[in-house]
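Notes to accompany the following structure.
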Amino acid sequence: MRLRSTLSGSVEAVAPENGRIGVYVCGVTPYTESHIGHAMSLLVYGVLIRYLRWRHPGVEIRYVSNYTDVDDKIIERALELGRDPASLAQQNIDLWEAQQAALGILAPDVRPRVTTEIDAIVAAIGRIIENGHAYAVPGAGVYFRVRSLPGYGKLSHRPLDEMRAGTREEPGHGKEFPLDFALWKAAKPGEPTWPSPWGPGRPGWHIECSAMAQRYLGASFSVHGGGTDLVFPHHENEIAQAEAVTGPGSFARLWMHNGMVLRDGEKMSKSLGNVVSVAEALDRWTPDALRLFVLSKHYRQPTNLTDEAMAAAQRGVDRLQQALAEEPAREGSPPPEAASARARFVEAMDDDLNTAQALAVLFDLARAINRSREVGDHGSAARATLRELASVLGLALPADAHADLSRISGAELSEIASRFDVAAAEADAADVVEALLAQRQAARAERDFALSDAIRDALSEAGIEVQDGPQGARWSVRG
RNA sequence: GGCCACGUGGCCAAGUGGUAAGGCAGGGGUCUGCAAAACCCUUAUCGCGGGUUCGAUUCCCGCCGUGGCCUCCA
């Protein structure tokens, strides 16, 4: 497959390095709970990995994504809350991992953290100093010597002198040059510290990623990803650090960046108060709807989260689910669309992860299945293809997606049951619904449509939709 | 101010030098006791102005607009 690389600006083939395809993606700094933008990012890279594994079954795909669990913000936040930075980070990581699982986001093979990789980081800094690309400033720490590296700025495509313009001097830190950045920060009172040849302290921001990426993927690897907001300075600095250790041209072959999630047209930010947390998203929308929303546009484009867009995404998911719903019928010849679907899907995904086009293949497949069902064919081959391709995109499309009654009011259901003289003693809400439907079916058999419609309306008001089909009535919880 | 993207039907969103996927919404129809779902039909010349070309939405220039980065950020 091919991906557009931020480094070269062109579309390049994803190729194995050192016998495998290694992918490193910048994870979160767990100083607070994660938001929908973090989820969108990892969701996309998870799809990339799923696709690579599906497309290249014989190739090892190693997926590494980190946690920067020591950093200014974590320390600052912990201080505000009067608690230990480590436990704060751990709490947010635990929450985030549970949420990722709920969202169906593929877990990385390795999730390194700064606090458990200090040895690798210290070793990397040592090499950078040895190679003349960094210098220690007593009492301040270690700085990377940006001007010593000729290629600095090649990722963000900005010459060094141009970047200098917007930079403010930081007096008192002993920097040789304003753009030099910290590899190691000398210990301050009350902060977590580790010993080092340059005195106690902690790693600066960028070094952890290059050190951990090279530790788990080697000096050079296939793909490095992250949000487009990380291009500068984070990824630029990662390249500089890595090349200062392993030489020019090492490190990631291809740099991939995803666009930002906007909320109602604006970037999510604390000051605007428009941050949508993962918790809120999970509460309001289904994982598949969020996934469909994210994948319905190209990963590099910014994506605007609106209630309308999410409603549309949910309806789209319903449509795919509907096509997969089992209904007994005879097996017929598979619709012709099924044969070409796989090829079209691969073509789309190979071309810079064009998930929007890939989704179109799924929807075409859904239509083909529904059409064949109209003429009495089961279409199971096409169904299996749809399910397989959907799973590559991480769409769960669970058969029981709309059977979850946990959000339906039990009291309301009991009230409806008693209103229609149905025994509501059943502990299981589903049994109550089934009993009501049986009552309704009896009414329909007697052509008492007033009663049957009243039951349907009552259930609908409670959030349960009833549909009559050839095999009887089916119910589903409104999304 | 500098750098980089983007501007496609009511909304969301792919895409191509030779008049444009898919989803949502709307309209008409089939099916249904009625609905719902599903199926069929139906809605676009691609921000504006130039240029290159036999031909541009697709390439180039300018303008307008939106977003991102340039400081922490997925």
Side-chain angles (χ1 to χ4, degrees), chain A residues 6 9 25-29 31-32 34-45 65 68 71-73 76 153 156-159 162-168 170 205 225-234 236 257-262 265-270 292-293 295-298 300-306 308-323 325 327 344 348 351 354-375 444 447-450 452-453 456-457 460 465-470 473-476:
Chain A
T6 307
V25 175
C26 286
V28 301
T29 298
Y31 71 98
T32 182
S34 295
H35 58 65
I36 198 68
H38 301 125
M40 181 268 194
S41 183
L42 286 208
L43 191 156
V44 164
Y45 295 107
S65 185
T68 301
D71 142 288
D72 292 348
K73 283 192 174 175
E76 193 179 303
S156 49
H157 304 111
R158 266 180 289 208
E162 193 175 277
M163 285 189 274
R164 190 181 181 176
T167 313
R168 53 172 187 269
E170 291 184 50
W205 180 29
T228 182
D229 54 344
L230 294 179
V231 172
F232 186 90
H234 186 54
E236 193 72 61
H257 291 100
N258 61 278
M260 300 290 99
V261 176
L262 311 179
E266 291 186 276
K267 186 179 180 182
M268 292 189 289
S269 76
K270 291 230 166 58
L292 192 72
F293 165 72
L295 298 182
S296 68
K297 61 203 69 178
H298 192 94
R300 245 182 303 108
Q301 300 308 127
T303 179
N304 189 20
L305 179 71
T306 64
E308 294 71 29
M310 284 309 304
Q314 183 61 59
R315 298 280 289 115
V317 169
D318 290 347
R319 181 174 172 74
L320 294 178
Q321 237 148 21
Q322 189 70 30
E327 271 180 40
R344 289 174 60 211
D351 182 18
N354 193 334
T355 53
Q357 210 157 63
L359 281 171
V361 175
L362 300 203
F363 281 108
D364 287 346
L365 214 37
R367 171 171 289 110
I369 291 166
N370 289 332
R371 197 181 287 150
S372 67
R373 178 159 44 212
E374 293 277 317
V375 298
R444 290 185 74 207
R447 301 193 69 79
D448 182 355
F449 296 120
S452 90
D453 288 352
R456 183 171 66 192
D457 291 346
S460 177
E465 299 297 344
V466 176
Q467 295 178 22
D468 297 311
R474 301 181 357 174
W475 60 270
S476 62

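Residue numbers start from 1 in every chain, and the chains themselves are labelled A, B, ... in the order their sequence lines are given, proteins ahead of strands. None of these values were measured; they are calculated from a predicted model.
Side-chain nitrogen and oxygen atoms of A:R315 include at least one within less than 4.0 Å of the OP1 or OP2 phosphate oxygen of B:A25. Within the structure, a side-chain polar atom (N or O) of A:N354 is placed less than 4.0 Å from OP1 or OP2 of B:G15. Regarding contacts with the backbone of B:C69, a side-chain N or O of A:K267 is found under 4.0 angstrom from either OP1 or OP2. Regarding contacts with the backbone of B:C40, a side-chain N or O of A:R371 is found under 4.0 angstrom from either OP1 or OP2. Taking only side-chain nitrogens and oxygens, A:R158 never comes nearer than 4.0 Å to OP1 or OP2 of B:G2. Considering only side-chain N and O atoms, A:R319 lies under 4.0 angstrom from the phosphate OP1 or OP2 of B:C39.
Using atom C1' as the reference point in both B:C59 and B:C54, the two lie 16 Å apart (nearest Å). Straight-line distance between the C1' atoms of B:A56 and B:G49: roughly 15 Å, to the nearest whole Å. Of the P atoms belonging to B:G23 and B:G47, the separation is 23 Å, rounded to the nearest Å. Rounded to the nearest Å, the gap between the C1' atom of B:U16 and that of B:C31 is 39 Å. The C1' atoms of B:U8 and B:G22 are separated by 14 Å, rounded to the nearest whole Å. Between B:U43 and B:C24, the two C1' atoms lie 14 Å apart (nearest whole Å). For the C1' atoms, the distance linking B:G9 with B:G26 amounts to 12 Å, nearest Å. The separation of B:A36 from B:G28, taken at their P atoms, amounts to 12 Å, rounded to a whole angstrom.
Atom NZ in A:K297 sits about 12 Å away from atom C1' in B:C24, given to the nearest Å. The nearest whole Å value for the distance from the CD atom in A:E266 to the C1' atom in B:C69 is 17 Å. Rounded to a whole Å, the CG atom of A:L292 is 15 Å from the P atom of B:G22. Between the CZ atom of A:R300 and the P atom of B:C69 there is a distance of 17 Å, given to the nearest Å. In this structure, CG of A:D457 is placed 13 Å from P of B:A35, rounded to the nearest angstrom. Remark: P of B:U71 and CD of A:E76 are 18 Å apart, rounded to the nearest angstrom. In this structure, CZ of A:F293 is placed 9 Å from C1' of B:C12, rounded to the nearest angstrom.
Minimum atom distance to the side chain of A:Q467 is reached by B:A36, of the listed B:A36, B:G67, B:G22. When the nucleotides B:A74, B:G22, B:C72 are ranked by their closest atom to the side chain of A:M260, B:A74 comes out on top. The A:A356 side chain lies nearest to B:A13 when the options are B:C70, B:A13, B:C24. Of the candidates B:A37, B:G15, B:G33, the closest approach to any side-chain atom of A:D453 belongs to B:G33. Among B:C72, B:G33, B:G22, the nucleotide with an atom closest to any side-chain atom of A:R367 is B:G22. Proximity note for A:F232 (side chain, C-beta onward) versus B:C40, B:A74, B:C69: the nearest is B:C69. Listed nucleotides: B:A35, B:A74, B:C69. Nearest to the side chain of A:N258: B:A74.
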Should A:R367 and A:N370 be marked as a side-chain hydrogen bond (donor to acceptor under 3.5 Å, both in side chains) after you check the CA-CA gap, both sets of side-chain angles, and the distance that decides it? CA-CA 5 Å; A:R367 171 171 289 110; A:N370 289 332; over 6 Å; no

side-chain hydrogen bond (donor to acceptor under 3.5 Å, both in side chains) assessment of A:Q314 paired with A:D318: CA-CA 6 Å; A:Q314 183 61 59; A:D318 290 347; 3.2 Å; yes

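In this structure, A:V261 reaches the bases: a heavy-atom distance under 4.0 Å links it to at least one base atom across the strands shown. At the heavy-atom level, A:H234 lies nowhere under 4.0 Å from the strands shown. Residue contacts for A:A360: at a heavy-atom cut-off of 4.0 Å it reaches a base atom on one of the strands shown. Within the 4.0 angstrom heavy-atom criterion, base atoms lie near A:V466. At the heavy-atom level, A:S34 lies nowhere under 4.0 Å from the strands shown. Using a 4.0 Å heavy-atom cutoff across all strands shown, A:D71 reaches no nucleic acid atom at all.
Between A:V231 and A:G316, the residue anchored closer to the 5' end of RNA chain B is A:G316, taking for each the nucleotide with the nearest heavy atom. Both A:T228 and A:G27 lie close to RNA chain B; mapped to their nearest nucleotides by heavy-atom distance, the more 5′-ward contact belongs to A:T228.
For A:R456 and B:A35, a side-chain-to-base donor-acceptor distance below 3.5 Å is present, hydrogens and geometry of angles not being considered. Scanning atom types as modelled, no donor and acceptor separated by under 3.5 angstrom connect the side chain of A:D229 and the base of B:C72.
Between A:L43 and A:L295 there is a side-chain heavy-atom pair separated by less than 4.5 Å. Residues A:D468 and A:R456 form a side-chain contact, since some pair of their non-hydrogen atoms from C-beta on lies under 4.5 Å apart. You'll find the side chain of A:R300 stays beyond 4.5 Å of the side chain of A:T228, heavy atoms only. Side-chain contact between A:V261 and A:H35 is absent, with no heavy-atom pair separated by less than 4.5 Å.
Stacking between A:F449 and B:G33 is shown: the ring centroid lies under 5.5 Å from the centre of the six-membered base ring, and the planes differ by under 30°.
With a cut-off of 3.5 Å on both pairing distances, the Watson-Crick or G-U wobble partner of B:A5 is B:U66. Under the Watson-Crick or G-U wobble criterion, with both distances below 3.5 Å, B:U53 has no partner in any strand shown. In a base pair of the Watson-Crick type (N1 to N3 plus N6-O4 or O6-N4) or a G-U wobble (N1-O2 and O6-N3), with each distance short of 3.5 Å, B:U19 is matched with no nucleotide. Across all strands shown, B:U30 is found opposite B:A38 as a Watson-Crick or G-U wobble partner, with both distances under 3.5 Å. B:U58 is unpaired under the Watson-Crick or G-U wobble criterion, no partner having all donor-acceptor distances under 3.5 Å.
When each of A:V28, A:L230, A:N258 is paired with A:S41, the side-chain contact (heavy atoms from CB on, under 4.5 Å) condition holds for A:N258 and for no other.
A:L359 CG to A:K297 NZ: the interatomic distance, rounded to the nearest 0.5 Å, is 11.5 Å.
Between the side chain of A:Q357 and the main chain of A:A348, no donor-acceptor pair closer than 3.5 Å is present.
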